[in-house]
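To keep things clear, I will list the structure first and then write my remarks on it.
Index from 1, following the sequence. Whatever order the structure lists them in is the order used to number ligands and atoms, beginning at 1.
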Amino acid sequence: MSVNREPESRTRKANGKSRRRAPATELVHRGTMRSPFGETSEAMFLNSGFVYETAEQAEARFKGDDDGYVYSRYANPTVSMFEDRMCALEGAEAARGTSSGMAAVSAALLCQLEAGDHVLAARALFGSCRYIVEDLLPKFGVQSTLVDGRDMDAWRAAVRPNTKVLFFETPTNPTLEIVDIQAVSNLAREIGAHVVVDNVFATPMHQRPMLLGADIVAYSATKHIDGQGRCLGGIVLGTSEFIEKKLHDFLKHTGPSLSPFNAWVMLKGLETMPLRVERHCASAAKVADFLAELPQVSRVLYPGRADHPQAELAARQMAAGGPLVSFEVAGDKSDTFAMLNALEIIRISNNLGDAKSLITHPATTTHQRLSTEARAELDISDTLVRLSIGLEDPDDLIEDLAGALAR
Ligand SMILES: *Cc1c(COP(=O)(O)O)cnc(C)c1O
């Protein structure tokens with residue numbers, strides 16, 4: 001094939017030595033494949049199928065002897081470029097894009113589990129992730145246990161002889177608790193299980209679970225990878241062995257493929273992600289510090305603040321405090337709703353990771369499905385809100401919050 005691939009990620013120095021390129025460079029160049037037209041920006045291959053020069057070539061491609069493309073449900077050039085670029089960032093051997101973050105998480109779990117296996121997960125999970133662990137997997141004979149992810153003794157005590165997967169997110173949604181990636185990965189290694197980390201809340205810029213021992217990382221690319229609220233997408237990263245042998249067949253035959261259009265949006269999103277995420281995090285830290293001083297706010301949860309209960313662990317495994325801030329309004333549910341309704345810049349939405357700042361009341365929306373007891377266990381009160389910091393000027397966000405809280 002006459003595609004022109006960008007060279008591998010080594011920068012040659014005059015003295016003949018080489019070093020790895022920095023993420024900001026990789027996220028602009030890595031994975032680019034140019035067609036014979038020599039386009040600068042990555043091409044969008046909006047095609048479902050591919051044609052073969054000869055019947056023999058078609059036969060060879062189906063046999064796996066010729067590595068060209070076959071069908072966009074299996075692989076597509078634009079999707080491949082997105083996968084390669086994410087691999088460079090994450091330090092993963094291989095990856096597969098998916099139609100959404102939930103397709104990524106469900107495929108990462110389902111492709112390696114069978115009836116009789118046991119999954120151990122942290123109980124503070126994104127709503128749909130918790131549904132998969134708590135409700136869906138047991139329907140297919142996979143047992144599951146939810147533990148307090150902060151408590152290593154709880155993880156250890158819940159291990160069974162058939163535990164195959166340890167699954168968690170960190171920081172957690174919506175209370176921004178931290179799970180010790182290295183400690184859970186060490187436990188998994190001891191018992192011969194795989195660790196799957198949903199790394200959305202830290203963003204791929206500021207937390208590298210694989211460097212801390214995780215086997216598989218999943219993302220909702222819908223969030224900071226796109227970063228502008230346009231498209232759904234997801235990605236699973238891991239070893240070539242896991243991705244090509246287990247995950248690939250599962251995705252190929254069940255079909256939650258990433259659309260090439262969405263992959264292209266994500267690819268372009270990656271080019272600006274370092275700049276955007278740096279801004280999100282700097283503004284989040286500033287907003288968190290401001291909220292902590294307000295009498296109308298009873299509690300601020302931000303992993304980058306010294307008063308976060310796990311500040312030391314957060315500093316060890318995250319390069320920044322992250323783009324999300326949660327806080328409790330001093331008062332009751334109606335005071336909290338009044339604050340939400342009085343905001344003028346920050347919009348009420350269950351989404352996150354957008355250029356626009358978005359605020360959520362988890363108890364009545366994303367975590368409404370849970371029982372009152374389960375919400376209490378997760379510390380999700382009626383006055384808790386989760387704020388996804390956007391790209392607006394942080395002083396305008398602060399003024400918006402101050403104004404809404406003052407009413
Ligand atoms: C949004 C999100 C998901 C699900 O992603 P979708 O793209 O909406 O399917 C999973 N986990 C976390 C932590 C998320 O924030």
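Proximity to Gly101 (heavy-atom distance under 4.0 Å) selects the following atoms of ligand 1: 5 (O), 6 (P), 7 (O), 9 (O). Ligand 1 places these atoms under 4.0 Å from at least one heavy atom of Phe201: 13 (C), 15 (O).
Of the protein's non-hydrogen atoms, the one nearest atom 7 (O) of ligand 1 is Thr222 OG1, 2.6 Å. For atom 3 (C) of ligand 1, the closest non-hydrogen atom of the protein is Phe126 CE2, 3.4 Å.
Taking 4.0 Å as the cut-off, Asp198 counts as a neighbour of ligand 1 on heavy-atom distance.
No option in Leu146, Ile132, Val196 other than Val196 meets the side chain to side chain contact (heavy atoms under 4.5 Å, CB included) test with Phe167. No option in Asp84, Ile225, Thr78, Thr32 other than Thr78 meets the side chain to side chain contact (heavy atoms under 4.5 Å, CB included) test with Leu267.
Here the side chain of Tyr69 pairs no donor or acceptor atom with the backbone of Gly49 at under 3.5 angstrom.
Using a cutoff of 4.0 Å between basic side-chain nitrogens and carboxylate oxygens, Arg305 and Asp289 are scored as salt-bridged.
Evaluated by nearest non-hydrogen atom to atom 8 (O) of ligand 1, the leading choice among Ser128, Ser220, Gly233, Ala218 is Ser220. Taking each of Glu169, Lys223, Arg130, His224 in turn, the one with a heavy atom nearest to atom 1 (C) of ligand 1 proves to be Lys223.
Relative ring orientation between Phe261 and Trp264 is described as tilted, the plane-to-plane angle lying within the 30° to 60° band.
Counting only N and O atoms by type, the side chains of Gln143 and Arg160 include a donor and acceptor under 3.5 Å apart.
The backbone and the side chain of Met102 each have at least one atom closer than 4.0 Å to an atom of ligand 1 (non-hydrogen atoms only).
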